[in-house]
> 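Can you keep this structure in mind? I'll have questions shortly.
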Amino acid sequence: MNASNKTQWTNKSRGGRYRREFYAGSRYRFGADKDEDMPEGPELHLASLFVNKVCDGLRFGGKVEKSEVSKNPEVPFSCPEYTISAVSRGKEVKLILTPVADADEVASVIFRFGMSGSFKFTAEDEIPKHAHLRFFTVDVPRKVLCFVDPRRFGTWEYNGTWKPERGPCVMMEYEKFRENVFKHLSDKAFEKPICEVMLNQKYFNGIGNYLRAEILFRLKIPPFMPARAVLESVRNQSQVLNADLPLSKKVKIKKENPDLLQLCNLVPMEVIQLGGKGYDPGHGEDYAAFEQWLQCYFVPGMKSLRDSNGRTIWFQGEPGPLAPKGKKVRKQRKSVDIDAKPVKAETNATKRKAAKAKSTTVKKECKEEVMEEGGETAVKRKRAKTTENSMGDSKIISAGERGTHLRSKRKIVDNLEVKISRRLSQQSPVPKTPARKRKAAKLLADDTPTPKPRPRRLKSDVSKQSQNSPKPRTRRK
């Protein structure tokens, strides 16, 4: 993934565009980030075991095909016959392509799964939709090993090496991992909370979001404790054990009371022993075993809080002294059963519609009851009265000759006078004047002298008056 794509995705996630998702699994992921679904060390190790299992004894051949939509580079490898094996290290998987004719010309492809990467082995006519890299077998019917990545955040590198900025694997290189952490305790990175340092792949290669929650929960360490203080206590404890106690005693204490770094190795190994695909909600049939194994991550009753990187940490009890200020601690609600029918949100419009339907049903039932009893309803009485009024004897008072419009007429029904209004716009309110009279009136108006307008009195005329002119009277107060 290039830097521009990574920045663009980060900005979108912080803006909340990808904050809510519903997985087909048994949990409703409310407020979860996309990066929380990234496969972790156990998932990539299980993927390597899957490749070794399905490719055992098979021979692949031909060109490695890449999908047109993928932005990853082509894999310039073509061989008549070769075998495939896999090995993992932290959050990386390497496919080793070994030609059958010449075993010295070995090629490799290193995969980083991103958000949704995985391997699938299918028939040629059943290739998944998002298969971006395909390795075909030689045998007929041909089968395909595919790298499937629906979100396209996964990457691969042909003949590449393990990333140098990633530390030793917490599962397969435990002693080197432990030594690397103690060696860099003075780094500035360890001034952060322990929950944030555990996601730094330079020191904890293979640890992800659900693993850090489970490890800290088992040790009852608040997630926002200073990382240096927590790890210095681990180092001091290990020094005391190495100095005084015999080997058998050390092994017993490590099994009964493991420290944080030991759990970083033991907890992922527990996930590997569960089998399946590890953390894979909604896609694996054996995800239920993994769900029962979880003790803290998305478990009802646990609390959650976002760290300074926007990642959600699950914990129990107090968050710790370095918890971000101004952020609200959320408590996980009970999990939602996906087998049950979805509950629709009841809006005001829905409530009004339901109330209207209910009232209509009640009125209909009342009307049916009245009709069964033989009684009359108010509507029937009103209709009967209207029919009687229209069928009764009516006397209409008319005036004028034929063709004239009546201004009004009255109906007399049972000594009841009903005034019926007519449109008056068809009648002229003033009688028409003959043309001769109209012309004579116009001539008369022309002969009448026009009165002169009264001159306006200006302010300048007031100053021209004589001083002997009488002053206007003022009103006495």
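Since the model is a prediction, treat every value here as computed from it, not as a measurement.
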> Start with the C-alpha distance between Arg311 and Cys195, add both sets of side-chain angles, then the distance that settles side chain to side chain contact (heavy atoms under 4.5 Å, CB included), and finish with yes or no.
CA-CA 10 Å; Arg311 305 289 300 275; Cys195 64; over 6 Å; no
> Centroid separation under 6.0 Å, is that true for the rings of Phe121 and Phe135?
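That pair fails the under 6.0 Å test.
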> Parallel, tilted or perpendicular: which one describes the rings of Tyr210 and Trp293, with boundaries at 30° and 60°?
perpendicular
> Counting heavy atoms not belonging to Glu318, are there more than 12 under 6.0 Å from its CD?
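Count not over threshold, so no.
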> Decide yes or no for Pro73 and Tyr158: does some side-chain heavy atom of the first lie under 4.5 Å from some side-chain heavy atom of the second?
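They are not in contact (no side-chain heavy atoms under 4.5 Å apart), so the answer is no.
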> In terms of side-chain geometry, is the basic nitrogen of Glu92 or Arg112 positioned less than 4.0 Å from the acidic oxygen of its partner?
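Salt bridge between Glu92 and Arg112, a charged N being under 4.0 Å from a carboxylate O: yes.
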> Does NZ belonging to Lys143 count more than 12 external heavy atoms closer than 6.0 Å?
no
> Does any part of the side chain of Pro321, heavy atoms only, come nearer than 4.5 Å to the side chain of Met225, both counted from C-beta?
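Of all side-chain heavy-atom pairs linking Pro321 with Met225, at least one is under 4.5 Å.
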> Looking at Cys296 and Met302, what are the two nearest heavy atoms and their distance?
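Minimum heavy-atom contact is O-CG, 3.4 Å.
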> Is the backbone N or O of Arg59 less than 3.5 Å from a side-chain atom of Asp139, with the two atoms forming a donor-acceptor pair by type?
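Side chain of Asp139 to backbone of Arg59, a donor-acceptor pair under 3.5 Å: no, none is there.
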> Are the side chain of Ser48 and the backbone of Val93 linked by a donor-acceptor contact shorter than 3.5 Å?
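It does not hold such a pair.
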> Is the backbone N or O of Ser85 less than 3.5 Å from a side-chain atom of Asn52, with the two atoms forming a donor-acceptor pair by type?
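The answer is no, because no donor-acceptor pair under 3.5 Å joins these two groups.
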> Is it the case that the ring center of Phe60 lies less than 6.0 angstrom away from the ring center of Phe77?
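Centroid separation for Phe77 and Phe60: 6.0 Å or greater.
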> Under 3.5 Å, is there a donor-acceptor pair between the side chain of Arg228 and the main chain of Asp187?
yes
> Within the distance-only criterion (no hydrogens, no angle test), does the side chain of Gln201 pair as donor or acceptor with the backbone N or O of Leu199 below 3.5 angstrom?
yes
> Are Lys71 and Arg152 close enough, and set up right, to give a side chain to side chain contact (heavy atoms under 4.5 Å, CB included), and what steps lead you there?
CA-CA 9 Å; Lys71 295 182 180 180; Arg152 302 185 202 170; over 6 Å; no
> Please walk me through it: do Arg218 and Val267 pass side chain to side chain contact (heavy atoms under 4.5 Å, CB included)?
CA-CA 10 Å; Arg218 294 189 185 189; Val267 173; 3.9 Å; yes
> Is the shortest heavy-atom distance from the side chain of Leu58 to the side chain of Ile84 under 4.5 Å?
no
> Backbone N or O of Glu232 within a donor-acceptor pair of the Asn236 side chain at under 3.5 Å?
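Flag set: sc Asn236 to bb Glu232 pair under 3.5 Å.
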> Report yes if the side chains of Thr98 and Tyr82 come closer than 4.5 Å at any heavy-atom pair, otherwise no.
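No, side chains not in contact.
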> At their closest point, which heavy atom of Arg178 faces which heavy atom of Val234, and how far apart are they?
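So the two residues come closest at NH2-CG1, 4.1 Å.
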> Quick one: pull up CG in Leu231 and OH in Tyr203 and give me the separation to the nearest 0.5 Å.
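Here the interatomic distance stands at 11.0 Å.
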> Quick one: closest heavy-atom pair of Leu305 and Phe224, and the distance?
CD2-CE1, 3.7 Å
> Side-chain contact test, heavy atoms from C-beta onward, threshold under 4.5 Å: evaluate it for Ser70 versus Trp156 and give yes or no.
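A side-chain contact exists here, since the closest heavy-atom pair is under 4.5 Å.
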> May I have the step-by-step check of side chain to side chain contact (heavy atoms under 4.5 Å, CB included) for Leu216 and Leu260, ending in yes or no?
CA-CA 8 Å; Leu216 294 175; Leu260 187 141; 3.9 Å; yes
> Judged by atom type as modelled, is there a donor-acceptor pair below 3.5 Å linking the side chain of Gln292 to the main-chain atoms of Ala289?
no
> To the closest 0.5 Å, what do you measure between CD1 (Ile221) and CZ (Phe315)?
14.5 Å
> Just by modelled atom types, is the Asp149 backbone N or O under 3.5 Å from a matching donor or acceptor in the His132 side chain?
yes
> Supply the atom-to-atom distance Phe113 CZ to Glu43 CD, rounded to the nearest 0.5 angstrom.
10.0 Å
> Please answer whether the main-chain N or O of Pro141 pairs with a side-chain N or O of Glu124 as donor and acceptor at a distance below 3.5 Å.
no
> Which atom pair, heavy atoms only, marks the closest approach of Pro268 to Asn265?
CD-O, 3.5 Å
> Can you tell me how the ring of Phe111 sits relative to the ring of Phe119, calling it parallel under 30°, perpendicular over 60° and tilted otherwise?
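Plane angle over 60°, so perpendicular.
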> Hey, are the side chains of Phe217 and Leu294 touching, using non-hydrogen atoms and a 4.5 Å cut-off?
no
> For the residue pair Val271 and Glu40, establish whether any side-chain heavy-atom pair is separated by less than 4.5 Å.
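Not in contact.
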> Nearest 0.5 Å, please: how far is CD1 in Ile194 from CD1 in Ile215?
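One gets 9.5 Å once the value is rounded to the nearest 0.5 Å.
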> I'd like to check Asn180 versus Phe177 (side-chain heavy atoms, cut-off strictly below 4.5 Å). Are they in contact?
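With C-beta onward as the side chain, the pair stays apart.
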> List the atom of Met171, the atom of Ile272, and the distance in Å for their closest heavy-atom pair.
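What the structure gives for the nearest pair is SD-CD1, 3.6 Å.
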> Within the distance-only criterion (no hydrogens, no angle test), does the side chain of Asn159 pair as donor or acceptor with the backbone N or O of Ala107 below 3.5 angstrom?
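Pair absent, no side-chain N/O of Asn159 close to backbone of Ala107.
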> Which heavy atom in Pro258 sits nearest to a heavy atom in Leu266, and how many Å separate them?
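Shortest heavy-atom contact: CB-CD1, 4.1 Å.
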> Which one of Leu145, Val64, Val148, Ile127 satisfies the side-chain contact (heavy atoms from CB on, under 4.5 Å) criterion with Arg134?
Ile127
> Would you give the length of the straight line joining atom CE of Met198 to atom CG of Leu261, rounded to the nearest 0.5 angstrom?
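The CG atom of Leu261 is 8.5 Å from CE of Met198, to the nearest 0.5 Å.
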> Output the distance between atom CD (Glu74) and atom CG (Leu133), rounded to the nearest 0.5 Å.
8.5 Å
